[in-house]
There are 2 protein chains.
Amino acid sequence: MNKREFKDKVYSELAKVAKAMANPHRLEIIDLLAQGPCSVEQLANYTGMSVANASQHLQTLKNAKLVQISRSGNFINYSLTSEDVFFAWAGLRELGLEYNAEAQKLIRDFRKGYKSNMNAVDADELARMIEKDEIILLDVRPEVEYKRGHIHSAMSIPIEKLEAHIKKLPKRKMIVAYCRGPFCFFADEAVALLQKKGFNAVRMDKGFPEWVDKGYPVENAQTIN
Amino acid sequence: MNKREFKDKVYSELAKVAKAMANPHRLEIIDLLAQGPCSVEQLANYTGMSVANASQHLQTLKNAKLVQISRSGNFINYSLTSEDVFFAWAGLRELGLEYNAEAQKLIRDFRKGYKSNMNAVDADELARMIEKDEIILLDVRPEVEYKRGHIHSAMSIPIEKLEAHIKKLPKRKMIVAYCRGPFCFFADEAVALLQKKGFNAVRMDKGFPEWVDKGYPVENAQTIN
DNA sequence: CAACTATTCAATAAATAAGTTGAATAGCTT
DNA sequence: AAGCTATTCAACTTATTTATTGAATAGTTG
């Protein structure tokens with residue numbers, strides 16, 4: 001095999017990873033699986049796809065070795081093969097967010113719809129705030145995701161229960177909300193509601209997977225295994 | 001715009017980055033541009049594509065904002081928009097190399113063809129060896145790439161000149177060769193030739209861009225600007 | 001073992017992507 | 001201004017991808 005043939009083949013093999021990620025539905029699936037295993041039906045529900053279509057996209061991800069399966073009764077649970085899958089996508093995401101003006105505009109305009117101020121804290125700043133015991137940290141993801149793993153010292157109030165449980169929160173402290181990641185917007189929703197009720201609240205700019213990647217402390221970290 | 005519509009749009013925009021990388025020729029182009037700007041003709045020559053085809057792939061990369069152009073007389077020089085483009089691809093590459101058995105086999109088999117032993121040193125180990133002044137460091141890329149930027153203390157002997165200049169090299173010290181990156185194979189060629197002539201030689205496992213990413217010292221670092 | 005649920009497969013049509021070919025364009029040189 | 005070089009564009013053909021629909025399959029339950 002000459003060098004030209006070798007290069008053509010090896011780049012073709014590696015292009016398969018990029019091809020697997022070259023579809024918006026599959027990217028959303030990766031973001032969802034970064035929070036823990038899901039069944040086909042759940043993924044179809046979350047993403048608005050038919051079950052058959054979701055299954056096809058999952059086959060594509062599986063063929064590229066980006067996801068793997070385990071069975072649980074009638075359900076097949078899909079999970080990311082490793083967190084490197086998420087981080088490879090996160091690298092693409094940050095690149096896209098850096099240069100894609102349309103994506104930047106979409107996010108800015110959608111965020112304006114929440115009428116919350118745009119402040120967000122990053123993981124490093126959040127870690128400092130937790131250490132100084134300055135804040136209340138809220139995980140507004142579904143409770144099943146919280147139980148799988150969450151930021152050390154976070155309390156769980158899923159977004160749909162926030163209005164009902166808002167009285168539990170002290171007004172003295174700043175509240176930081178976080179969710180699945182930058183396109184989830186549960187944290188934005190939470191901050192908008194909290195500010196409306198007079199709380200001093202901001203959101204974390206990314207999500208739980210990024211916190212884990214920084215090596216910051218978590219509880220019950222079984223996110224991806 | 002509801003949340004579903006927002007997600008569909010934002011993931012579609014970001015999928016454009018992955019789509020731009022979802023082709024073997026475009027991945028090879030990114031690897032080549034990571035060594036510095038190139039014209040369309042040069043890229044066509046290096047990759048075995050027609051000029052028209054190379055130009056089309058470059059348009060795709062440009063539309064995704066992954067490359068940019070500058071003019072030089074009749075030539076249009078393409079360069080990566082930033083080194084984040086290379087690192088996003090490198091993340092995909094490492095993911096693919098981790099799980100794609102066919103790619104692993106291709107590399108292993110091709111490397112065996114060089115009849116060199118398989119030892120390679122990583123950037124950290126290389127940095128230690130340089131510091132201890134234990135080695136001769138050889139940059140076997142084309143000299144124009146060396147001049148744009150190279151590992152601190154490396155000497156340049158392009159691979160096609162190595163046989164002619166091999167007498168310049170002392171046999172007392174170990175020689176480490178590096179090139180553009182893992183799929184370039186100039187370093188493997190160099191090590192095979194050096195070992196055949198009785199030198200103690202190994203290669204660096206990645207390439208110059210990875211060395212830069214680690215923050216290790218370079219000379220003339222104008223690789224990507 | 002029949003019925004059920006969850007999931008995958010196969011076929012199809014439509015949309016998108018890739019490479020070639022020849023024409024057109026942009027900028028430079030004489 | 002003509003001729004040249006490098007590059008891009010447009011049209012066409014072929015290949016690949018995506019979503020839908022209905023059938024098939026795998027595993028569980030009663």
Side-chain angles (χ1 to χ4, degrees), chain A residues 4-5 7-9 11-30 32-33 37-79, chain B residues 4-5 7-9 11-30 32-33 37-79:
Chain A
R4 183 70 260 148
E5 285 166 354
K7 288 188 181 191
D8 285 343
K9 282 176 162 43
Y11 281 111
S12 286
E13 286 302 315
L14 295 170
K16 286 174 176 172
V17 179
K19 282 183 175 184
M21 294 189 180
N23 176 279
H25 292 313
R26 295 198 286 274
L27 291 178
E28 188 171 3
I29 289 174
I30 292 172
L32 288 164
L33 294 182
C38 280
S39 68
V40 182
E41 217 170 21
Q42 285 179 307
L43 289 168
N45 284 339
Y46 284 141
T47 58
M49 287 190 274
S50 68
V51 171
N53 199 19
S55 182
Q56 276 185 162
H57 285 298
L58 285 163
Q59 295 322 302
T60 302
L61 289 170
K62 188 153 161 272
N63 289 337
K65 306 290 190 292
L66 303 190
V67 301
Q68 65 199 4
I69 61 179
S70 63
R71 299 197 74 110
S72 169
N74 257 349
F75 289 94
I76 296 190
N77 279 329
Y78 279 84
S79 55
Chain B
R4 184 69 261 151
E5 284 166 353
K7 288 189 179 189
D8 285 344
K9 284 179 160 42
Y11 282 111
S12 287
E13 286 303 314
L14 294 169
K16 285 175 178 172
V17 179
K19 282 184 175 182
M21 295 191 180
N23 175 279
H25 292 313
R26 296 200 285 275
L27 293 176
E28 188 171 5
I29 288 174
I30 292 174
L32 289 166
L33 294 182
C38 279
S39 68
V40 183
E41 219 170 19
Q42 286 177 308
L43 289 167
N45 283 340
Y46 285 141
T47 58
M49 287 191 276
S50 67
V51 170
N53 199 18
S55 180
Q56 279 185 163
H57 284 299
L58 285 163
Q59 295 321 302
T60 301
L61 290 170
K62 188 155 161 270
N63 288 337
K65 306 288 193 291
L66 302 188
V67 301
Q68 65 198 4
I69 61 176
S70 63
R71 300 195 74 108
S72 172
N74 258 347
F75 289 94
I76 295 190
N77 279 328
Y78 279 84
S79 55

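Here is the naming used below: chain letters follow the sequence lines, and residue numbers restart at 1 for every chain.
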Original post:
Which residues satisfy the side-chain contact (heavy atoms from CB on, under 4.5 Å) test with B:Ser39, sequence neighbours excluded?
Top reply: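 Listed in chain order: B:Glu41, B:Gln42, B:Phe75, B:Asn77.
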Atom pair [atom1] ([X]) and [atom2] ([Y]), whose distance is rounded to the nearest 0.5 Å:
X	Y	atom1	atom2	value
A:Ser12	B:Asn23	OG	CG	8.0 Å
B:Thr47	A:Lys7	OG1	NZ	9.5 Å
B:His25	B:His57	NE2	NE2	5.0 Å
A:Ser50	A:Gln56	OG	CD	8.0 Å
A:Met21	A:Leu66	CE	CG	5.0 Å

Separation of atom [atom1] in [X] from atom [atom2] in [N], rounded to whole Å:
X	N	atom1	atom2	value
A:Gln59	D:dT18	CD	P	14 Å
B:Asn77	D:dT8	CG	P	11 Å
A:Phe75	C:dT5	CZ	P	11 Å
A:Lys16	D:dT16	NZ	P	12 Å
A:Ile76	C:dT7	CD1	P	6 Å
B:Ile69	D:dA6	CD1	P	17 Å

**OP:** Check salt bridge (charged side-chain N to carboxylate O under 4.0 Å, His left out) between A:Lys16 and all other residues, then give those that pass, not counting sequence neighbours.
**Re:** A:Glu13
So do [Y] and [X] actually touch side chain to side chain, heavy atoms under 4.5 Å?
X	Y	answer
B:Tyr78	B:Lys62	yes
A:Cys38	A:Leu33	yes
B:Leu58	B:Ile69	no

Subject >> Residues in ring-ring contact (aromatic ring centres under 6.0 Å, His included) contact with B:Tyr11, at least two apart in sequence or another chain >> reply: A:Phe183
**OP:** May I ask you to evaluate whether A:Tyr78 reaches the phosphate of C:dT8, defined as a side-chain N or O under 4.0 Å from OP1 or OP2?
**Re:** yes
Return the polar atom pairs (N/O with N/O) between nucleotides 12-14 of chain D and the protein under 3.5 Å, or none.
none

Original post:
Tell me, for nucleotides 18-30 of chain C in 5' to 3' order, what letter each nucleotide earns: B for a base near a protein heavy atom under 4.0 Å, S for only sugar-phosphate near one, - for neither?
Top reply: SBBB----SBS--
Original post:
Tell me, which of residues 38-48 of chain B have any heavy atom that sits under 4.0 Å from an atom in DNA chain C?
Top reply: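 Nothing qualifies; none.
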